[in-house]
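Beneath this line is the structure, given in structure tokens, with notes to follow.
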Number of protein chains: 2
Amino acid sequence: MMIAEKISKKQIIINAAADLFKDKGYKAASIRDLATKVGLEPSSIYSHIKSKEDLLSEICMGCAQKFTEGMAQISNTDMSSRKKIGALITLHLDIAFENLASITVFNDEWRYLPDSVLNEFLILRKDYEKQFKKILMEGKEEGKFEFQHTDIVFNVIIKTLSWSYAGVKKYKKEELQQELTSFISNALHKN
Amino acid sequence: MMIAEKISKKQIIINAAADLFKDKGYKAASIRDLATKVGLEPSSIYSHIKSKEDLLSEICMGCAQKFTEGMAQISNTDMSSRKKIGALITLHLDIAFENLASITVFNDEWRYLPDSVLNEFLILRKDYEKQFKKILMEGKEEGKFEFQHTDIVFNVIIKTLSWSYAGVKKYKKEELQQELTSFISNALHKN
DNA sequence: CCTACCGATCGGTAGG
DNA sequence: CCTACCGATCGGTAGG
């Protein structure tokens, strides 16, 4: 019971931190802001977390984990390349709609991670990129997709998907999904 | 002569600030960092600029001005909608290749602008967005483009273009231009 | 979880 | 353009 309450309070603080880091930026947000937000004195925050960097680490690595798991499920199926891209679009939207603040921080503030966590983060990201590009290249080899540089197209798609976080407030998930799928699918299509 | 030297030194400081803000983020970059970078004592920086916020303002508004001017030239021609989109892609790439640090700061750090400048910035941005969307809607009405939500497509294209800043180091302008034009053009195409 | 507090760093000024 | 310095704020700790 005590432990369950403590985990819960920690999670409340992490979620509040995600909101705060999203609104003000990691460096501009202070532990004092956070304390006010959760109704504690600044020093009491440290009963639940080790450091400000720890908060950022929990937020960013939590999202990274979700992407890693989602990608593992998608790349291990026998869907067509085009279907896999569609599933990846859905994955990004699902994570965004689940916790908008966290994914925004994951997206915009990861560079402030402390070195050791940053290394881990970059490994997961590199892995994700590798698997994403593999799907693009397979589609190209099968004659389904048409483009010159896999790297450019990958980055453009990732940016497109990461914009969708801004669309979460304005559109239903289905609207975003349909428009993004159609846009990207056309973009990859052979003329 | 004196005046010319002073303007020049101010510009050196602004350019160094753009580099610094790009590398560390506006909030994490200090005037002391900047002073070291240009070989001055921290307080001497203030002989050339009024405040740290002023540096950010000069960088962001400088870029905003370039986009505003570029858009004015493009939208006042009688090019086709598709040609106009192509010209906008070129505009973004030109500005990015001209000063990568500035456009990155413009893109990622504008939210730290002081209120009065922020208002001005948002007006220019809103205006740019309005004219960009008008081109998209005209293309749609003429049956050249196919999509549901102008707003979503606009934002996706803008994000795609803003990724290109990351591609500046790795690709030639022509490669990026060709790949982005082809990607976006396909994305907008009627099936 | 709070009171009390610390050392470090920040943007910026005074005065020359 | 520098020396000297200031008030504010920061992340975080000691001790209860």
Side-chain angles (χ1 to χ4, degrees), chain A residues 1-21 23-60 105 109-118, chain B residues 1-21 23-60 105 109-118:
Chain A
M1 195 69 109
M2 284 292 274
I3 291 172
E5 273 164 17
K6 201 151 195 181
I7 289 172
S8 171
K9 186 73 178 222
K10 183 177 178 181
Q11 201 54 54
I12 289 169
I13 291 172
I14 292 173
N15 289 340
D19 272 339
L20 197 65
F21 294 168
D23 289 338
K24 307 189 72 167
Y26 175 73
K27 283 288 177 184
S30 73
I31 294 293
R32 282 156 179 85
D33 291 332
L34 179 59
T36 302
K37 202 158 182 162
V38 294
L40 292 177
E41 291 302 314
S43 64
S44 304
I45 296 288
Y46 293 95
S47 300
H48 301 93
I49 56 136
K50 261 172 44 196
S51 63
K52 190 185 173 190
E53 285 177 337
D54 242 46
L55 283 168
L56 184 63
S57 301
E58 295 244 25
I59 294 164
C60 290
V105 172
E109 312 289 337
W110 61 266
R111 68 165 146 172
Y112 300 112
L113 286 168
D115 281 348
S116 64
V117 183
L118 183 58
Chain B
M1 196 68 110
M2 284 292 274
I3 291 172
E5 275 165 14
K6 201 152 196 182
I7 289 170
S8 171
K9 185 73 178 222
K10 183 178 179 182
Q11 201 54 55
I12 288 169
I13 290 172
I14 292 173
N15 288 341
D19 272 340
L20 196 65
F21 294 166
D23 289 338
K24 307 188 74 168
Y26 175 73
K27 283 289 178 184
S30 73
I31 294 293
R32 282 157 178 85
D33 290 333
L34 179 58
T36 302
K37 201 157 184 163
V38 295
L40 292 177
E41 292 302 314
S43 65
S44 304
I45 296 288
Y46 292 95
S47 301
H48 300 94
I49 56 137
K50 263 173 40 200
S51 65
K52 190 186 173 189
E53 285 177 338
D54 242 48
L55 283 168
L56 183 63
S57 302
E58 295 245 25
I59 294 164
C60 290
V105 172
E109 312 289 337
W110 61 267
R111 68 164 148 173
Y112 300 112
L113 286 168
D115 282 347
S116 64
V117 182
L118 183 58

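Chain letters run A, B, ... following the sequence lines, proteins first and then strands; every chain starts at 1.
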Worked verdict on A:V38 versus A:H48 for side chain to side chain contact (heavy atoms under 4.5 Å, CB included): CA-CA 12 Å; A:V38 294; A:H48 301 93; over 6 Å; no
B:D54/B:S57 under side chain to side chain donor-acceptor pair (under 3.5 Å): CA gap, chis, key distance, verdict: CA-CA 5 Å; B:D54 242 48; B:S57 302; 5.1 Å; no
A:V117/A:L56 under side chain to side chain contact (heavy atoms under 4.5 Å, CB included): CA gap, chis, key distance, verdict: CA-CA 10 Å; A:V117 183; A:L56 184 63; over 6 Å; no
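The aromatic rings of A:Y112 and A:Y26 lie parallel to each other, their planes meeting at an angle below 30°, with 60° marking the opposite boundary.
Between A:S43 and C:dC2, a side-chain N or O to OP1/OP2 separation shorter than 4.0 Å is absent. Contact between the side-chain N/O atoms of B:K9 and the OP1/OP2 oxygens of D:dC1 is found at a separation under 4.0 Å. Contact check, A:S47 against C:dC1: no side-chain N or O comes under 4.0 Å of OP1 or OP2.
We find that OH of B:Y46 is positioned 14 Å from P of D:dC2, with the value rounded to whole Å. The distance between atom CG of A:D33 and atom C1' of D:dC10, rounded to the nearest whole Å, is 11 Å. Rounded to whole Å, the distance from CD on A:E41 to C1' on D:dG16 is 15 Å. Taking atom CG on B:D54 and atom P on C:dT13, their separation rounds to 11 Å, with Å as the unit. Rounded to an integer number of Å, the gap from CD1 of B:I45 to C1' of D:dC2 is 13 Å. The OH atom of B:Y112 sits 16 Å away from the C1' atom of C:dC10 (whole-angstrom rounding). Summarising the geometry, the separation between NZ on A:K10 and C1' on C:dC1 is reported as 17 Å, rounded to the nearest angstrom. In this structure, A:L34 atom CG and D:dT9 atom P are separated by 18 Å, rounded to whole Å.
Among the nucleotides D:dG12, C:dC2, C:dG12, the one closest to any side-chain atom of A:S44 is C:dC2. Listed nucleotides C:dC2, C:dG12, D:dC10 differ in distance to A:R32; the shortest reach to its side chain belongs to D:dC10.
Once rounded to the nearest 0.5 Å, the distance linking CD1 of B:I45 with CZ of B:R32 reads 11.0 Å.
Using a 4.0 Å heavy-atom cutoff across all strands shown, B:A35 reaches no nucleic acid atom at all. As judged by a 4.0 angstrom heavy-atom cut-off over every strand, B:A29 is placed among residues touching the sugar-phosphate backbone only.
With both pairing distances under 3.5 Å, D:dG15 is matched to C:dC2 as a Watson-Crick or G-U wobble pair.
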